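Structure record follows, encoded as structure tokens.
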Protein chains: 2
Amino acid sequence: MKGEQGNDSQLALDNQLCFLLYACSRSVIKAYKPLLDPLGLTYPQYLVMLVLWEWHDEAPQLPTVKALGSRLRLDSGTLTPLLKRLQQLGLIGRQRASNDERQVHLELTREGVAMRDRARHIPQQLACETGADLNELVSLRTRLNTLLQQLES
Amino acid sequence: MKGEQGNDSQLALDNQLCFLLYACSRSVIKAYKPLLDPLGLTYPQYLVMLVLWEWHDEAPQLPTVKALGSRLRLDSGTLTPLLKRLQQLGLIGRQRASNDERQVHLELTREGVAMRDRARHIPQQLACETGADLNELVSLRTRLNTLLQQLES
DNA sequence: GTAAATTAGATTGTATGCAATTTAATTGAC
DNA sequence: GTCAATTAAATTGCATACAATCTAATTTAC
């Protein structure tokens, strides 16, 4: 009886971490929504655009679906329809690689590149809205990064 | 030009927190999967069962869909079909309240109560698998709780 | 060199999330 | 007391997530 109670509370405490991750993640996504609506993007679509914008700066070669999925931890079952929607929006293009026909390379259209300017204000605006301490947010980021590494190993 | 670069990196940093929340949350849910599969539960269904098990201990009156949604930050659009599945599985019952016909009260079936014994080992097992420091996890939980409060205010 | 194994994407099916609307019941204003 | 707001669930529609399967292309074993 006493043992069972102990197990239950331990379970609940540990559980609250996973639930808090789940609840915080959804809550942050909700906070993004009013900022992303004017761009016509969902949150996962916004993450894809962020990766493509970063790649656009750093690499001459554009990423494949595989490389994008590796960065975002999403598979083709999620990305294929999402990327088709971004293509419908005129933000990206998709090209089969000529040297390996299995791969699909992504590219930003002119509008896709241009949207970056309209997105630049978003992170700051969100940080202001939460009113959280910046050092606290950086510390949290570091800890979550460590946790993610542990979960993936 | 320099200003734009500064905005971009600031954006990327802040973004990594929201992305890490998103990635960690999904990664933790994946880690739960092999432990929940034997119970035939998905992760959101498991969260619902956790709330009902807690209520079962503490309150004589069973929660409504509204109260459950308030606890999990989920609305009826998500919960109604999920609860119907739990009912199909024979784990819960749903009863219209007689004093207010708009409300639906939830109850655990005998099997729903019994499943708790088969779920008790899950949190410990998961904590062991991640190999994370317990104090670290508690600290992270506290910080996420603070963040969630800020996001919801 | 060719068959088997592997790989990258696409597809299918199930289960969330959530905005928006609908329905039915209750409450409030007057 | 009655009609307008409000409320609790349910429903609808859209966009993820993700397991499982499929297809086509490439590698590997031999």
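Proteins get letters first, then strands, A, B, ... in listed order; numbering begins at 1 in each. Remember, it's a predicted structure, so these values are computed and weren't measured experimentally.
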Contact class for B:Arg26 vs. all strands (heavy atom < 4.0 Å): base, sugar-phosphate, or nothing? sugar-phosphate
Do any side-chain nitrogens or oxygens of B:Thr64 fall under 4.0 Å of OP1 or OP2 in D:dA9?
yes
A:Val65 has its side chain closest, among C:dG17, C:dG9, D:dA10, to C:dG9
Regarding A:Thr42, tell me which of base, sugar-phosphate or nothing describes its non-hydrogen contacts under 4.0 Å with the strands shown. sugar-phosphate
Which of D:dA17, D:dA9, C:dA19 is nearest the side chain of B:Arg96? It is D:dA9
From CD of A:Glu101 across to C1' of D:dT23 the rounded distance in Å is 14 Å
>> For a quick test of reading the model: is some side-chain N or O of A:Lys84 closer than 4.0 Å to OP1 or OP2 of D:dA15?
In response: no
OP1 or OP2 of D:dA10 under 4.0 Å from side-chain N/O of B:Arg94: yes
Picking from D:dA9, C:dG17, D:dA17, the nucleotide nearest the side-chain atoms of B:Leu74 would be C:dG17
- Task: Please work out if B:Asn99 contacts a base, only the sugar-phosphate, or nothing of the nucleic acid, heavy-atom cut-off 4.0 Å.
- Result: sugar-phosphate
Scanning both residues in full, the closest heavy-atom pair of A:Ser139 with B:Arg143 reads OG-NH1, 2.8 Å
Atom CZ of A:Arg94 with >12 non-hydrogen neighbours under 6.0 angstrom
yes
Q. In terms of the angle between their ring planes, are B:Tyr32 and B:Tyr43 parallel, tilted or perpendicular, with boundaries placed at 30° and 60°?
A. tilted
_Please confirm whether the shortest side-chain N or O distance from B:Thr78 to OP1 or OP2 of C:dG17 is below 4.0 Å._
no
Taken to the nearest whole Å, NZ/A:Lys66 to P/C:dA10 is 13 Å
Does a side-chain N or O from A:Tyr22 land closer than 4.0 Å to OP1 or OP2 of C:dG17, or not? yes
Separation of C:dG9 atom P from A:Gln103 atom CD, nearest Å, is 6 Å
Item checked: Any N/O donor-acceptor pair, B:Ser76 side-chain to D:dA10 base, under 3.5 Å -> yes
Worksheet item: Is the number of heavy atoms from other residues, nucleotides or ligands under 6.0 Å of B:Gln149 CD greater than 12?
Response: yes
Here the distance between atom P of D:dA9 and atom CG of B:Leu79, to the nearest Å, is 10 Å
To the nearest angstrom, the NZ-C1' distance between B:Lys30 and D:dC18 comes to 8 Å
Side-chain N or O of B:Arg85 closer than 4.0 Å to phosphate OP1/OP2 of C:dT16
yes
Note to self: Would you say that B:Leu148 contacts B:Arg73 through its side chain, given a criterion of any heavy-atom pair below 4.5 Å between the two side chains?
What the structure shows: yes
Rounded to whole Å, the CZ-C1' distance (B:Arg102 to C:dT23) equals 12 Å
Rounded to whole Å, the CG-P distance (B:Leu82 to D:dA9) equals 15 Å
A:Tyr43 OH to D:dA17 C1', in whole Å, measures 15 Å
Using side-chain heavy atoms (C-beta onward) and a distance below 4.5 Å, is A:Leu36 in contact with A:Met49?
no
Quick note, B:Gln45 side chain, CB onward, closest among C:dA15, D:dT11, C:dG9 is C:dA15
The residue, A:Asp100 or A:Arg73, whose nearest nucleotide of DNA chain D is more 5′ is A:Arg73
